[in-house]
Amino acid sequence: MNKKILQDYTKQELSEIIKPAFRAKQIWNWVYHKYASSFDEMLNLPKAMREELDKEFTLTPLKALTVQDSIDGSRKYLFELHDGHTVEAVLLLMRDKEYHEDGFVKHQERYTVCISSQVGCKVGCAFCLTAKGGFMRNLTAGEITEQLRMIKKDNTIDANRRVNIVYMGMGEPLDNLDAVVKSVKIFADPDGMAIATHRQTISTSGLSSKIVKLGAMELGINLAISLHAVDDELRQQLMPINKAYNIQSIIDAVKNFPVNDRKRVMFEYLVIKDVNDDISAAKKLLSLLDGIKAKVNLIYFNPYGGTEFKRPSVKDMKAFQEYLTSRGLHCTIRESKGLDISAACGQLREQELEGEV
Ligand code: SAH
Ligand code: SF4
């Protein structure tokens, strides 16, 4: 593609390129508030400027290839990038819209959008479908933010509506730190989507040095650690990255991470039957997180064709949770949102590549 992606630019950067500077704010308004997909729509810009912009920039770096609806209201999108690669993002309905008896809205729907940061992933976790396809390339900041803009537009979600963002789609966000940080800032800009950084969560497999770097930026972002195992031997088998960054290095990095007063660092623990679902693991987890403002999110392993791993039983999952909560550690079990559409990492893309969709 020879055109630049307009969404790759911060408002500040645009105002330095496009003169006079106030035009940048107008363009942002069209893009992020009115969901414009062409410069033609931007009627308060002079026609000559619209034509110039159109020669240089594209506003549509992503194309929705497939959309799958789940019975629980989540929607999974497969997007094609300009070079033909595909990534996925999921709109999760966390709470339905509810009405008072008199017909007034009691509260609006609550959405979380799960977005991708890379095509594929280098980390190569044994349980993860994204890893199976290898690593292709990093996404640019605009390709990251555009996933949300397209989903908001497609679902007519008002520009001012609060949406939470989780960087839990395909890829390892901290392996694409510069573009991810830029996307966080573009999301947060009050003239754009205005999604405060405390509504954004970066999930990482534990690149400790990058966690330190991210922390030093003081963005106010939430951190989620994909821990999945409590001893290095098992974690190394499941997540080869553990050879470079072991559990203790992650714990040390997290201890120094700036956490919002009202928030906790989330530790994700993917529970795999007969691998890491026993109470002795829960016990070790408890001592590992001692002294950290942490919460644990237990995730049911979501099986797919060709994997030897199995989904844990509800009973074991509840026992694991109960062990932690009864000892004062916040612990939730992630609802299997979109399970019927395989809303776990990499699973829609995989079906598409196999020609099942
Ligand atoms: N690379 C980052 C962010 C994307 S992965 C990370 O690993 O944190 C998002 C989450 O999906 C991770 O917690 C991962 O463990 C989980 N995941 C991967 N494969 C899964 C599967 N088959 N079932 C359930 N969760 C899975
Ligand atoms: Fe990469 Fe995360 Fe999948 Fe591991 S779980 S391979 S880090 S996307």
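Given the structure is predicted, the values throughout are model-derived calculations rather than measurements. In each ligand, atom 1 is the first atom listed, and ligand 1 is the first ligand listed.
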Against heavy atoms of Tyr167, which atoms of ligand 1 measure under 4.0 Å? 3 (C)

May I ask you to establish whether Arg137 and Phe135 are in a cation-pi arrangement, using a distance under 6.0 Å from NZ or CZ to the six-membered ring centre and at most 45° from the ring axis? no

Less than 3.5 Å apart, any donor N or O on the side chain of Tyr245 or Ser209 sitting next to an acceptor on the other? yes

Could you give me the CA-CA distance, side-chain angles and deciding distance for Asn222 and Asn260, then say whether side chain to side chain donor-acceptor pair (under 3.5 Å) is met? CA-CA 8 Å; Asn222 304 312; Asn260 185 303; 5.9 Å; no

Out of Ser226, Cys114, Pro303, Cys125, the nearest non-hydrogen contact to atom 12 (C) of ligand 1 is supplied by Ser226

I need the Asn246 CG to Ile251 CD1 distance, nearest 0.5 Å. 10.0 Å

Which of the atoms of ligand 2 are close to Gly124, meaning less than 4.0 Å from one of its heavy atoms? 6 (S)

Aromatic plane relationship, Phe127 with His228 - under 30° parallel, 30 to 60° tilted, over 60° perpendicular: perpendicular

Arg311 to Phe301 six-membered ring, cation-pi geometry met (6.0 Å, 45°): no

Would you call Lys47 and Glu51 a salt bridge, taking side-chain N to carboxylate O under 4.0 Å as the test? yes

Can you confirm whether the side chains of Asp175 and Gln118 place a donor and an acceptor under 3.5 Å from each other? yes

Does Cys125 bring an N, O or S atom to within less than 2.8 Å of atom 1 (Fe) of ligand 2? no

Please determine whether the number of non-hydrogen atoms from other residues, nucleotides or ligands lying under 6.0 Å from atom NZ of Lys293 exceeds 12. yes

Closer than 4.0 Å to some heavy atom of Ala131 - which atoms of ligand 2 meet that? 6 (S)

Do Glu88 and Ser116 have side-chain N/O donor and acceptor atoms under 3.5 Å apart? no

Would Lys25 count as a cation-pi partner of Trp28, with NZ or CZ less than 6.0 Å from the six-membered ring centre and within 45° of the ring normal? no

Side chain or backbone of Asn302 under 4.0 Å from ligand 1, or both, or neither, by non-hydrogen atoms? both

Please list, in number order, the atoms of ligand 1 under 4.0 Å from a heavy atom of Glu172. 1 (N), 2 (C)

Note: ligand 2 atoms sitting under 4.0 Å from heavy atoms of Cys128 are 3 (Fe), 5 (S), 6 (S)

Mark the output for Gly171 as yes if a heavy-atom distance to ligand 2 is under 4.0 Å, and as no if none is. yes

Sub-4.0 Å heavy-atom contact, Tyr304 with ligand 1: yes

Please classify the Glu268 to ligand 1 contact at 4.0 Å (heavy-atom distances, strictly less than): side chain, backbone, both or neither. side chain

Selection from Cys128, Gly169, Ser203 by shortest heavy-atom distance to atom 4 (C) of ligand 1: Gly169

In ligand 1, which numbered atoms sit nearer than 4.0 Å to a non-hydrogen atom of Tyr300? 24 (C)

Any nitrogen or oxygen of Gly171 lying under 3.5 Å from a nitrogen or oxygen in ligand 1? Just yes or no. yes

Any heavy atom of Val123 under 4.0 Å from ligand 1? The part involved is neither

Can you see whether Asn176 engages Glu172 through a side-chain donor-acceptor pair at a distance of less than 3.5 angstrom? no

Which ligand 1 atoms does Ser205 reach within 4.0 Å, using its non-hydrogen atoms? 6 (C), 8 (O)

Where ligand 2 meets Ser205 - atom numbers and elements under 4.0 angstrom, heavy-atom basis: 7 (S)

Considering the heavy atoms of Cys121, write down every atom of ligand 2 situated less than 4.0 Å from one of them. 1 (Fe), 6 (S), 7 (S), 8 (S)

Within reach of ligand 1, part of His228 (heavy-atom separation under 4.0 Å): side chain

